[in-house]
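Whatever order the structure lists ligands and atoms in, that order sets their numbers, starting from 1. The model shown is predicted, which means the values in this text are computed figures rather than measured ones.
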Amino acid sequence: MKDTAKDAQVLSVANQKGGVGKTTSAVTLAAALARLKKRVLVVDLDPHACASIHLRVYPEHQQYSIYDIFSREPEEWAGLWQKIRVQRGEKSIDVASANILLSDLDADLREKPGKGIILKQALALVRSEYDYIVLDCPPHLSILLVNALIASDLLIIPIQTDFLALHGLKLLFDTINLLNKVLPEPIKYKALATMFDRRTRASQRVLELMERKMGEGMFKSVIGIDTRFREASAQGRVIYELGDSRGGKEYESVAKEIIAL
Ligand SMILES: Nc1ncnc2c1ncn2[C@@H]1O[C@H](COP(=O)(O)OP(=O)(O)OP(=O)(O)O)[C@@H](O)[C@H]1O
Ligand SMILES: [Mg+2]
């Protein structure tokens, strides 16, 4: 993973299934990496802007968002990045917020050549300023998801440990396989088991099944159910700002796995 020693590694968090913990993973991992002294940029690619709101960067207060990168010309990107990024808190995480206009992007860009590599090209301008750039993706196939997958050095796939978990994964792997046909290198990915309920045999069985299926393609750390995540997002805080928690420690151990890759 370390081909460009100094430049940021781009981590996209995606799964075409909704509500599996993508945004929670993106935001908490970003915070965990920042606590480990890494410089982090979070890019919110979901028109609903949940990651932005979770980080207390409210779209209605932002004059600029990541939408501007997609809607304006490359010559303007350098100047735009200065306006789009908002610094959050003293444990420095920068945030490029989303905007509802992102939901029109597939139509807006329909005729645009090279529309899948816009984000990769634009991130190249800020990569040297960070150790990690975390992309929170929307739960459906769109030009935003394609841009994220093409831009990423590692795709993180949160998988909820319940019986319907593997349902929906096929959609994502169809997308990955399609892109792999045109990309110079196949997309690297690692699955992350989320919302694991230690008390239930069913949850344990699903985890075993995942581990058998994914093997090395899975993080060793597992994220359990922790009600603090919901509390944190409702307050526009990351879980670490609520004190010690099991969930916080688990994401910290994922962050350490990422750093060690
Ligand atoms: N480990 C966890 N334990 C308990 N609740 C969790 C956990 N992870 C996420 N949640 C909660 O589950 C809900 C869905 O999580 P989240 O928004 O991260 O999923 P998502 O995949 O981003 O959803 P969407 O597909 O809508 O973007 C949220 O209310 C979140 O607080
Ligand atoms: Mg989300």
Asker: Strictly under 4.0 Å, does any heavy atom of G224 approach an atom of ligand 1?
Answerer: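 Flag set, G224 near ligand 1.
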
Asker: Only heavy atoms of P139, strictly under 4.0 Å: list the atoms of ligand 1 that pass.
Answerer: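 The atoms of ligand 1 under 4.0 Å from a heavy atom of P139 are 25 (O).
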
Asker: Do any of the N, O or S atoms of T23 sit under 2.8 Å from the Mg ion (ligand 2)?
Answerer: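 Checking T23: at least one N, O or S atom is under 2.8 Å.
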
Asker: Among all protein heavy atoms, pick the one closest to atom 19 (O) of ligand 1 and tell me residue, atom and distance.
Answerer: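 Looking only at protein heavy atoms, the one closest to atom 19 (O) of ligand 1 is G21 N, 3.0 Å.
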
Asker: Just which atoms of ligand 1 are under 4.0 Å from any heavy atom in D46?
Answerer: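 Once the distances to D46 are compared, the set is 27 (O).
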
Asker: Can you find an N/O atom of D136 closer than 3.5 Å to an N/O atom of ligand 1?
Answerer: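 No, since none of the N or O atoms of D136 sits under 3.5 Å from an N or O of ligand 1.
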
Asker: Which residue owns the protein heavy atom closest to atom 2 (C) of ligand 1, what's the atom, and how far is it?
Answerer: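 Answer for atom 2 (C) of ligand 1: F229 CD1, 3.4 Å.
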
Asker: Check each atom of ligand 1 against the heavy atoms of G18 and keep those under 4.0 Å away; list them by number with element.
Answerer: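 Those atoms are 25 (O).
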
Asker: Would you mind reporting whether F229 and Y251 have side-chain heavy atoms less than 4.5 Å apart?
Answerer: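 In short, these two side chains touch, coming nearer than 4.5 Å.
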
Asker: May I ask you to say whether E129 pairs ionically with R85, meaning some side-chain N is under 4.0 Å from a carboxylate O?
Answerer: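 So E129 pairs with R85 through a salt bridge.
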
Asker: Do the side chains of I157 and L192 get nearer than 4.5 Å, heavy atoms only?
Answerer: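 No. Closest side-chain heavy atoms not under 4.5 Å.
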
Asker: For R246, is there an ion pair with D226 - N to carboxylate O distance below 4.0 angstrom?
Answerer: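 Salt bridge absent between D226 and R246.
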
Asker: So which heavy atom in the protein is nearest atom 10 (N) of ligand 1, and how far is it from that ligand atom?
Answerer: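 Result: M195 CE, 3.9 Å.
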
Asker: Identify the closest protein heavy atom to atom 15 (O) of ligand 1: which residue and atom is it, and at what distance?
Answerer: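 Protein heavy atom at minimum distance: T24 OG1, 3.7 Å.
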
Asker: Is it true that G19 lies under 4.0 Å from ligand 1, counting heavy atoms only?
Answerer: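 Within the 4.0 Å threshold, so yes.
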
Asker: Answer yes or no: is there a donor N or O on one side and an acceptor on the other, between the side chain of N99 and the main chain of Y67, under 3.5 Å?
Answerer: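 No, the answer is negative, given that no donor and acceptor are paired below the 3.5 Å cut-off.
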
Asker: Look at atom 17 (O) of ligand 1 and find which of T23, V20, T194 reaches it with the closest heavy atom.
Answerer: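 Of the listed residues, T23 has the closest heavy atom.
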
Asker: When you look at R35 and E241, which way does the salt bridge (charged side-chain N to carboxylate O under 4.0 Å, His left out) test go after all the steps?
Answerer: CA-CA 11 Å; R35 282 160 60 88; E241 292 165 331; over 6 Å; no

Asker: Is the shortest distance from a Lys or Arg side-chain nitrogen in D174 or K170 to a carboxylate oxygen in the other one below 4.0 Å?
Answerer: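 Between K170 and D174 there is a salt bridge, with a charged N closer than 4.0 Å to a carboxylate O.
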
Asker: Do the charged groups of K115 and D108 touch, with an N to O distance under 4.0 Å?
Answerer: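 Between D108 and K115 there is no salt bridge, as every charged N stays at least 4.0 Å from the carboxylate O atoms.
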
Asker: Check ligand 1 against I223 and write out every atom of the ligand that is under 4.0 Å from a heavy-atom position of the residue.
Answerer: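 Contacts of ligand 1 toward I223, numbered from 1: 1 (N).
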
Asker: Under 4.0 Å between a Lys/Arg side-chain N and an Asp/Glu carboxylate O for E208 and R212?
Answerer: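 Result for this pair is no, no salt bridge flagged.
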
Asker: Closest by any non-hydrogen atom to atom 5 (N) of ligand 1: pick that one out of I225, T227, D226, D197.
Answerer: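 Considering heavy atoms of I225, T227, D226, D197, the nearest to atom 5 (N) of ligand 1 sits in D226.
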
Asker: How far is atom 20 (P) of ligand 1 from the closest protein heavy atom, and which atom is that?
Answerer: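 Protein heavy atom with the smallest distance to atom 20 (P) of ligand 1: K22 N, 3.4 Å.
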
Asker: If you measure only the distance, is there a donor-acceptor pair under 3.5 Å linking the side chains of S97 and D44?
Answerer: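 Their side chains do not contain a donor-acceptor pair, so the 3.5 Å distance test is not met.
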
Asker: For atom 12 (O) of ligand 1, grab the closest protein heavy atom and report residue, atom and distance to one decimal in Å.
Answerer: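 The closest one turns out to be R230 NH2, 3.5 Å.
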
